[in-house]
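Let me begin by presenting the structure, written as structure tokens, before commenting on it.
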Amino acid sequence: QVQLVESGGGLVQAGASLSLSCAASGRTLSSYTMGWFRQAPGKEREFVAAIKWSVSLTAYTDSLKGRFTISRDNAKNTVTLQMNSLEPEDTAVYYCAVDVSPSLSRLSYDYDYWGRGTQVTVSS
């Protein structure tokens, strides 16, 4: 089992930055993929970014690349999503997830463990 706890969400104005963190505990994360997804009201959950735990390989949804950066701290078992130049369209609940394979998948159904999410609200 893997437990994931997200933090760092909040209410910000457009143009601001936020850093989301995901703390993982439980099974040893040696070859996993960790990802961030988001879900806005009335919309499907969408892929944001992913990173392989063992090597510095990342994937981003094209529309967010350049504004969002995913990184990991293996020693602390945390993954961070740095979000810059936030827009009202970024308002959503952001979820951290773990895929036990190193596939760097963009598909939510490939992920095995999920956090409860953290709310990000961007006002115009």
Side-chain angles (χ1 to χ4, degrees):
Q1 291 289 331
V2 176
Q3 293 78 42
L4 303 170
V5 179
E6 303 96 336
S7 62
L11 171 62
V12 297
Q13 291 189 329
S17 297
L18 272 178
S19 181
L20 304 183
S21 290
C22 175
S25 61
R27 291 174 62 177
T28 302
L29 303 177
S30 59
S31 61
Y32 293 2
T33 295
M34 294 195 72
W36 284 98
F37 290 78
R38 68 183 185 182
Q39 188 165 18
K43 295 188 177 181
E44 293 186 354
R45 190 168 298 187
E46 65 171 344
F47 173 76
V48 174
I51 187 167
K52 285 191 177 183
W53 196 253
S54 57
V55 295
S56 294
L57 290 177
T58 58
Y60 296 90
T61 194
D62 289 344
S63 61
L64 300 176
K65 197 170 185 178
R67 292 197 299 122
F68 287 17
T69 303
I70 189 171
S71 61
R72 76 195 192 290
D73 185 330
N74 292 31
K76 295 182 179 180
N77 271 5
T78 59
V79 172
T80 298
L81 183 69
Q82 177 66 40
M83 307 185 295
N84 298 327
S85 302
L86 284 163
E87 304 169 354
E89 293 72 24
D90 296 318
T91 295
V93 177
Y94 285 71
Y95 297 91
C96 174
V98 164
D99 174 5
V100 298
S101 74
S103 65
L104 214 60
S105 174
R106 299 166 181 255
L107 303 174
S108 61
Y109 58 73
D110 282 335
Y111 287 76
D112 305 285
Y113 302 97
W114 292 82
R116 293 187 174 184
T118 185
Q119 176 71 47
V120 172
T121 303
V122 184
S123 63
S124 58

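These figures come from a predicted structure and were not determined experimentally.
For the pair Gln82 and Ser71, the minimum side-chain heavy-atom distance is 4.5 Å or more. The closest side-chain heavy-atom distance from Trp53 to Val98 is not below 4.5 Å. You'll find the side chain of Glu87 reaches within 4.5 Å of the side chain of Arg67, heavy atoms only. Using a 4.5 Å heavy-atom threshold, the side chains of Cys96 and Tyr113 count as separate. Counting only heavy atoms from C-beta outward, the side chains of Val120 and Met83 approach each other to under 4.5 Å.
For the atom pair CG of Asp112 and OH of Tyr32, the computed distance is 8.5 Å after rounding to the nearest 0.5 Å. The line from OG of Ser123 to CD of Gln13 is 5.0 Å long, rounded to the nearest 0.5 Å. The distance from atom CG of Asn84 to atom CG of Leu64, rounded to the nearest 0.5 Å, is 11.5 Å. For the atom pair OG (Ser21) and NZ (Lys76), the distance works out to 9.0 Å, reported to the nearest 0.5 Å. Gln3 CD to Asn77 CG: the interatomic distance, rounded to the nearest 0.5 Å, is 11.5 Å. Between the CG atom in Leu20 and the OG1 atom in Thr80 there is a gap of 8.5 Å [rounded to 0.5 Å].
Summarising the geometry of Arg106 relative to Ala59, their closest heavy-atom pair is NH2-CB, 4.0 Å, with the distance given to 0.1 Å. Nearest heavy-atom pair, Glu46 versus Arg38, reported as atom, atom and distance to 0.1 Å: OE2-NE, 2.5 Å. Considering all non-hydrogen atoms of both residues, Ala92 and Ala40 come closest at CB-N, 3.8 Å. Here the closest non-hydrogen pair linking Tyr60 and Phe68 is CE2-O, 3.2 Å. Between Leu81 and Ala49, the shortest heavy-atom contact is CD1-CB, 4.3 Å. Here the shortest heavy-atom pairing between Ala23 and Thr78 reads CA-CG2, 4.1 Å.
Remark: side-chain polar atoms of Gln1 are not paired, donor with acceptor, to backbone N or O of Gly26 under 3.5 angstrom.
A donor-acceptor pair shorter than 3.5 Å cannot be found between the side chains of Thr33 and Asp99. Side chains of Gln119 and Thr121: a donor-acceptor N/O pair is present below 3.5 angstrom, by distance only.
No single ILVMFWY cluster, assembled from side-chain heavy atoms under 4.5 Å apart, contains both Val100 and Leu104.
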**OP:** Take Leu86 and Leu18 through the test side-chain contact (heavy atoms from CB on, under 4.5 Å) and record every step on the way to the result.
**Re:** CA-CA 8 Å; Leu86 284 163; Leu18 272 178; 4.0 Å; yes

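Residue Phe37 is found in a hydrophobic cluster whose other members, listed by chain and number, are Phe47, Val93, Tyr95, Tyr111, Trp114; membership requires side-chain heavy atoms under 4.5 Å apart, directly or through intermediates.
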